[in-house]
Amino acid sequence: MCRLALKSADEPFSPYEMLMAMEAMQEGYDGSGLGLLLRGIEFDDFKLKPNHVILSGIAHTENALQRMADFMGESGYELKYQHEFDMRPGIIETRNRKRFKYVVRVYKTPDWSNLTQDEQELRLTETRLALRKNGEDHGGDLTIFSLWFDVIMIKEVGWPLQIGDGLGLDDDRIKARVVMAQGRQNTNYGINLYACHPFFIQGISTMTNGENTAFIPIKEYLLGRHIPGYLGYHSDSEVFTHILHYTTKVLKLPLEAYKHVITPLKTEELDHHPQGDFLKGLRTACRRLIIDGPNAIIGTLPDETCMLVMDQKKLRPATVGGRPGAWAIASEMCGVDALVPDRDPALDFQPMREHTVIIPPERKELKIWSQFDPFTIPQAA
Amino acid sequence: MVSVRSIYNTPSSLTYHDLPWIITHREDRCTLCGQCTAVCPVGAIYLTYRRQRVPKLDVLKKQRGNEYRHFVGIRQQTDVSKRCIGCGMCSMVCPNEAIGPHPNTNENRSAFVRSQKGDAFKRGGRRNAPGKTILDRISFDRISMLTDPALDAGRHEFNYNTILGRILPPEEYLKRKASGEWIPPTREIFPFIIGSMSFGALSPNMWLGLLQGVAYCNEVLGIPVVMATGEGGCPPWILKSPFLKYIILQIASGYFGWDEIIRAIPEMQCDPAAIEIKYGQGAKPGDGGLLMWFKVSKLIARLRGVPEGVDLPSPPVHQTLYSIEESVMKMIQTMSMAFGFRVPVYPKISGSTSAKAVLNNLVRNPYAGGLLIDGIDGGTGAAYDVSMEATGHPIASNLRECYLDLVAQGRQNEIPLFAAGGIGKNGNVTQNGLAMIMLGASGVHIGKYIMQSAAGCLGNEMGRCNVCNVGICPKGITSQNEKLFRRLDPDDVAQRVVDTFMMIRTETKKIMAPLGRSQSLPIGMSDALGIDDADAAERLKINYIC
Ligand code: SF4
Ligand code: SF4
């Protein structure tokens with residue numbers, strides 16, 4: 001079973017902290033892969049501006065790196081900064097795996113002053129997808145994880161702490177206010193890196209443990225939406241990210257609605273729900289997005305909101321704990337201990353099937369919302 | 001050699017071993033009670049006295065002579081109209097196990113002389129194609145072994161219901177909900193539906209039993225089973241009762257019974273589950289309904305608004321309309337309007353290579369509440385043998401194609417597809433149904449299976465019985481003759497309906513649990529299906545396993 005950890009703190013921290021926490025949970029995974037998402041970035045030697053975006057990925061050859069740079073330049077993005085990982089040789093096997101360069105580059109966007117926020121986001125997605133396709137058209141020599149305002153993604157095969165050491169993540173040159181990390185199980189070197197959690201689309205990211213048995217029908221339905229970025233699906237968990245995107249960005253429903261989409265209440269329960277009529281209709285309309293299988297889904301939104309939901313039967317563990325200013329979510333309790341030791345563990349919370357745990361961007365307190373409670377629906381209910 | 005003329009012989013003459021079923025009678029066991037001849041629905045057997053000559057030679061007296069033994073026996077009629085249908089009622093009533101039919105494994109010469117009196121052979125039942133169906137051969141092979149704990153069919157909660165009715169895309173739903181516009185009606189129902197069998201085709205006791213069973217499933221067990229009427233209306237007391245919500249009313253090209261239905265609308269306590277517009281039937285594509293005169297009793301005549309004792313054929317098409325597109329549109333709209341746009345309306349068509357065209361037409365019709373496709377293995381109360389045997393399209397690939405067409409358009413959640421025709425043909429009803437669902441059906445209709453399971457219908461795919469058309473149903477299922485249908489106790493039928501649906505519910509869970517599915521019916525979960533036939537796997541786009 002994969003191990004998951006997320007930390008959200010007012011004070012930016014090093015992703016290496018997360019890797020240490022993963023060590024605490026090491027019993028449960030075989031250390032065969034790591035996925036990291038960093039949000040709310042602070043570079044030690046560069047200051048991000050609002051019109052800056054960060055591109056993360058791996059160029060597997062020099063040629064791919066060059067094509068990537070050319071493409072960005074031709075698309076009107078101006079290179080502002082490039083993070084050089086302080087690579088420690090011999091820790092990550094880079095040659096056989098063809099890791100020519102781990103890319104984290106900051107670009108100034110073209111002049112988008114006449115574009116709406118949605119249009120700008122669409123441009124970013126289109127650029128990311130074009131780069132990804134460019135890599136795929138060249139035998140997979142370019143892997144692109146994210147292109148977003150303040151998000152860095154790192155994915156690699158191996159033991160998490162080793163990857164951190166190999167990339168020199170302990171040098172405190174990159175810090176973030178939100179970090180998501182997943183230690184994978186059953187990953188092999190031949191794996192498509194796109195299959196590693198967390199998954200990313202337009203600033204939204206989720207990671208999951210467990211198996212999604214309703215994968216094929218959900219995938220077929222998402223593909224049928226014809227929304228840019230709804231592709232890939234190398235992992236059955238990628239659909240969770242896209243459903244979150246679909247719910248919040250396309251349907252423009254609040255985060256709470258996610259739970260009602262993926263694990264709706266039963267008819268008998270909705271009969272007594274204050275928004276039962278609306279929710280029954282939503283359940284029917286989004287029927288193909290109902291997930292199945294044991295899962296804990298941990299996610300973050302562009303505004304640094306973090307969340308955790310469980311599958312309908314709560315067949316997976318997950319705990320949230322912390323204090324004002326610093327919160328952690330982990331698949332194992334010891335993970336929370338390692339991430340926020342100076343908290344009152346008595347206040348730790350393990351969500352049940354009906355809960356959505358939300359860590360708001362202000363990080364003052366947790367919001368634990370039950371599916372049985374009403375929520376604000378902009379115009380509809 | 002004697003002259004041919006001295007032997008009674010015509011082109012249609014048959015001997016008993018030319019018939020499809022041969023009666024074996026054991027004289028040593030027969031008590032001459034006569035029950036078998038009394039019960040035989042076709043008069044295939046008769047009691048007769050025979051004399052046997054026993055030659056005698058007394059050597060000592062040097063005398064030759066004969067003695068005669070007399071005996072009483074059961075003989076089989078060789079007249080094709082009275083041929084044994086293999087129903088087995090004679091064995092059922094025989095106190096001494098002295099009699100019973102056996103299928104003729106040599107040849108069935110009666111097939112050549114069934115054309116009598118200028119008419120082609122008509123019957124009830126189903127296509128005579130025995131053996132495993134494609135659905136029987138599918139197994140559920142994506143067992144969820146990666147994660148534990150696995151689901152427990154006995155302990156966990158399962159959501160296995162389905163939706164009937166037009167479903168809006170989520171964006172459209174939110175928009176309409178916000179502005180208070182009309183949202184198409186939907187029903188949450190059990191995915192195994194009792195398929196349309198008309199009140200004229202079925203006996204009153206059968207109908208009552210089915211309805212009682214359905215009501216019990218809904219009201220006591222919480223299994224939301226619905227049943228469809230078939231053409232020919234619905235008894236007024238049901239139309240005005242709260243049970244109407246469990247009933248799908250069918251309108252077909254004869255419009256039989258709809259005067260009564262429309263007149264009852266103001267007095268209805270609730271809406272029907274749905275309206276099914278029949279354009280075609282899997283067992284006899286291109287044919288309208290047919291209720292033969294034997295079955296048009298006083299009651300049926302009243303329900304349908306016709307004189308007693310006349311053949312009631314429905315035309316093959318809805319005559320008043322120009323094309324199927326126009327017809328479907330007008331009929332769906334008219335029916336929707338009649339019930340205040342509160343009832344899902346959907347067409348039923350025969351399985352056909354052109355089903356996709358009909359489907360695409362429905363996708364564009366915002367009032368269409370689904371599509372039911374009925375495959376070649378569907379049953380019927382009466383049809384020409386040639387229609388049943390050779391006309392139509394098997395359901396599996398037909399439905400799969402339609403589903404994948406919807407998937408390609410991203411509309412698979414909007415128009416629920418229902419499949420019928422041979423589901424449970426060999427008794428594996430849940431397995432067949434779930435296979436169809438994973439191929440993309442939202443649910444399945446079962447007709448013959450429910451007759452066999454709930455009422456003991458004797459028909460099979462080897463031509464057994466299948467005399468549903470002429471009102472002599474030996475079990476009283478498809479007869480309007482009181483003497484016959486009194487054999488069927490509605491309470492017993494209701495009990496069997498309940499047993500059947502409880503079994504289907506349990507088996508559904510037993511199939512879903514190992515696949516790791518419990519939250520929703522696994523519609524279109526084709527990755528879970530495997531078949532040991534590479535061509536079928538390729539056609540259905542499922543795994544080839546061996
Ligand atoms: S099997 Fe049926 S039809 Fe044949 S003799 Fe017996 S009762 Fe008559
Ligand atoms: S038992 Fe009745 S319903 Fe069944 S095949 Fe015979 S006549 Fe038809």
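Just so we're on the same page: letters track the sequence lines, and every chain starts at 1.
For the pair Q202(A) (side chain) and H245(A) (backbone), a donor-acceptor distance under 3.5 Å is absent. A donor-acceptor pair is defined here as one N or O able to donate and one able to accept, closer than 3.5 Å; such a pair exists between the side chain of W182(B) and the backbone of F341(B). Using a distance-only test at 3.5 Å, with no hydrogens or angles considered, no donor-acceptor pair links the side chain of Y246(A) to the main chain of L289(A).
For Q412(B), the parts lying under 4.5 angstrom from a heavy atom of chain A are both the backbone and the side chain. Contact annotation for P522(B): neither backbone nor side-chain heavy atoms come within less than 4.5 Å of a heavy atom of chain A. There is no contact between E172(B) and chain A, counting heavy-atom distances below 4.5 Å. For A408(B), the part lying near chain A is the backbone, with the side chain staying farther off; criterion is any non-hydrogen pair under 4.5 Å. Heavy atoms closer than 4.5 Å to chain A are found in both the backbone and the side chain of N413(B). Of the two parts of I523(B), the backbone and the side chain both hold a non-hydrogen atom closer than 4.5 Å to a non-hydrogen atom of chain A. Looking at L515(B), the atoms closer than 4.5 Å to chain A (heavy atoms on both sides) all sit in the backbone: N, CA, C or O. Residue contact with chain B, scored on non-hydrogen atoms closer than 4.5 Å, is absent for D311(A).
For residues 213-222 of chain A, a heavy-atom distance under 4.5 Å to chain B picks out T213(A), A214(A), I216(A), P217(A), E220(A), Y221(A), given by residue number.
Screening K280(A), R283(A), R353(A) for a salt bridge (charged side-chain N to carboxylate O under 4.0 Å, His left out) involving E269(A) leaves a single residue, R353(A).
Between chain B and the residues E268(A), R225(A), K266(A), the largest count of heavy-atom pairs under 4.5 Å involves K266(A). When each of L168(B), L521(B), V407(B), I163(B) is checked for heavy-atom pairs under 4.5 Å with chain A, I163(B) comes out on top. With chain A as the partner, the residue from G524(B), G410(B), S518(B) showing the most heavy-atom pairs under 4.5 Å is S518(B).
In this structure, F199(A) has its ring center closer than 6.0 angstrom to the ring center of H197(A).
Taking the charged nitrogens against the carboxylate oxygens, E157(B) and K313(A) have no contact shorter than 4.0 Å, which rules out a salt bridge.
By the neighbour-count criterion of 12 heavy atoms within 6.0 Å, atom NE2 of H226(A) is densely surrounded, having more than that number from other residues, nucleotides or ligands. When the shell of 6.0 Å around CD of E538(B) is examined, it contains 12 or fewer heavy atoms from other residues, nucleotides or ligands.
A side-chain donor from one of D303(A) and T305(A) sits under 3.5 Å from a side-chain acceptor of the other.
Ring-plane geometry between H260(A) and F375(A) is classed as parallel, the angle between the planes falling under 30 degrees on a 0 to 90 degree scale with a further cut at 60.
Nearest heavy atom pair, residue R316(A) against residue G210(A), reads NE-CA, 3.9 Å.
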